[in-house]
Every structure is written in structure tokens, then in C-alpha cells.
Amino acid sequence: MSGTAPWIALALCALVIDLAARRRGGSRAGLGSVVALLASRLPGRVALAALWVFAGIHLFARYTIPGR
Amino acid sequence: MLAAGRIVVGTLAVGACSWWVAGTRPFSSSAYVAVGASAAMLLGAFVGLSAGVSSSRGAPARCHERGSVPRPGSVPRPRPGSVPRPVRVAWLTWSAAVAGLETAALALGGRSSELPTLSTALDHLLAWHSSRAALVAAWLVLGAVGLGRIARSSRAGQA
């Protein structure tokens, strides 16, 4: 459990950054707007799509389920 | 009514697909087929939608260009200046922290109890069929929402 603490902390950090950014800059300053900015050009879209496909294959096709 | 129907059909499709993907054995050909087919269906729908839009419309017009007026209801493309600099710096720092932590975890072997990789930390959620299916559903919804947004912004840019 202690090993997962840094990941939980980073997830909480993301939540805090998103909320603070929205409070300061409105709805156009959250994580969604940063991702939209990345996706506004073709290389960014390809990178995001590749990251999404990699996550799916890594977690659901190439990852051993504990206990099986 | 049409939108509600789409939501119901989409929810049922995602539910069935995620349950199927979650039931496959890792490293088996069925697992690759299940994940690959799910991703290919979403990407295929997106490419088909984008191709249909670009072939049915003329040259793209950038609605954020000076002097152009975005059409009512269109989604404007984000400009680099539209996201405040401190916000960009904060997310860059956060991304660097994630990459650094993952690199350190990989250097420790990936399955260290002191610092596991992100996928090892998700082990607990992948142990049961239902929680695994929920993660697959979240992955599919994330992809569908992302691709849907890109398709909408492309349509708005080409309108």
C-alpha cells in the first residue's frame, strides 16, 4: 500500500491543479483544455491516440492478472 | 430522442465490449483480438467520420484567425494563448513528475513494493472481472470522448 502512495498523491495533485486552474482561468484552463491544445495539431493527435492504444494493450492484453 | 438512443446504444456496446475484453486471458490471442478490435472500431469510426467531413466540405477555415467570426454553436480550436502559462507550466511539471516516478519505478524492477510502476499499482483493480471491466469501460469512454471532441473541433474548423 505504501508503494502506491506516490501515485495516489500525484492523482490528488492533478485534481488540485485542475480545480485551481478552473477557478483562476475558467472552464478553458482545466486539463481538458490542455489536452485539446495538444490535439489541435496532427502530431499531438497521433501521440494521444498512440498513448491510448498503448495503455489498452499494456493493461488489458499484455498484463498478468494477479492471482490467475 | 435520437441522442438518448445513441447514449443507450453506446452504453450497451461499451458494457458488452468491456465485459468481453475483461474476460480474456492476458497474452492470449483472444486478448489481443479483443483489445485490438475495440481500439480499431473506435479509431475506424473516427477516421470514417473525419474523412466524411473533409470530403463533404471545402478548404478548412480557421475560426481563430484574425477577422474571422466563428459560426454560432461551433467549437473554436484552442490557441496556445488560450491556456494560461502558469496552467501549462503546472501540467508540464506534473507530467514530468509522472514520467520521473515511472522511470524510477522501472529502474527498481517495476514490481518493487517500495515504488511500483503505475500499472503494477493498478494490480488491485485488475484482479477481479468486474473491476477490470470497469477499467476497460473507462478506457473506451476516454477514447470515445477524446475522439469525439477532436471530430467536433475538426468539423467546426472546416465549417
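Because only heavy atoms are used, hydrogens play no part in the values below, and waters and symmetry mates are left out as well, while side chains stay in. Nothing here was measured: the structure is a model prediction, and the numbers come from that model. Convention: sequence-line order gives letters A, B, ...; per-chain numbering from 1.
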Looking only at heavy atoms, the pair that brings B:L115 and A:P6 closest together is CD1-CG, 4.0 Å

Nearest heavy-atom contact between B:Y32 and A:A61 is CD2-CB, 4.1 Å

Okay, B:S30 and chain A: the region with an atom under 4.5 Å from a heavy atom over there is neither

**Q.** side-chain contact (heavy atoms from CB on, under 4.5 Å) between B:R132 and A:L59, intermediate numbers included
**A.** CA-CA 9 Å; B:R132 191 173 165 84; A:L59 282 177; over 6 Å; no

Rounded to the nearest 0.5 Å, how far apart are [atom1] of [X] and [atom2] of [Y]?
{"X": "B:W94", "Y": "A:D18", "atom1": "CH2", "atom2": "CG", "result": "10.5 Å"}
{"X": "A:H58", "Y": "B:T117", "atom1": "NE2", "atom2": "OG1", "result": "6.0 Å"}
{"X": "A:W7", "Y": "B:L122", "atom1": "CH2", "atom2": "CG", "result": "9.5 Å"}

- Item | Verdict with reasoning, A:F60 to B:T24, per side-chain contact (heavy atoms from CB on, under 4.5 Å) | CA-CA 8 Å; A:F60 309 123; B:T24 57; over 6 Å; no

Check the hydrophobic clustering (I, L, V, M, F, W, Y; side-chain heavy atoms under 4.5 Å; chains of links allowed) and say if [X] and [Y] are grouped together.
{"X": "B:M41", "Y": "B:W19", "value": "no"}
{"X": "B:V14", "Y": "B:V145", "value": "yes"}
{"X": "A:V53", "Y": "A:V46", "value": "no"}
{"X": "B:L106", "Y": "A:L10", "value": "no"}

Closest-packed option against chain A by number of heavy-atom pairs under 4.5 Å, given [options]:
{"options": "B:S119, B:A39, B:S112, B:A121", "answer": "B:S119"}
{"options": "B:V21, B:L140, B:V136", "answer": "B:V136"}
{"options": "B:L101, B:L142, B:V35", "answer": "B:L101"}

Q) For the side chain of B:W139 and the backbone of A:W52, is there at least one donor-acceptor N/O pair under 3.5 Å apart? A) yes

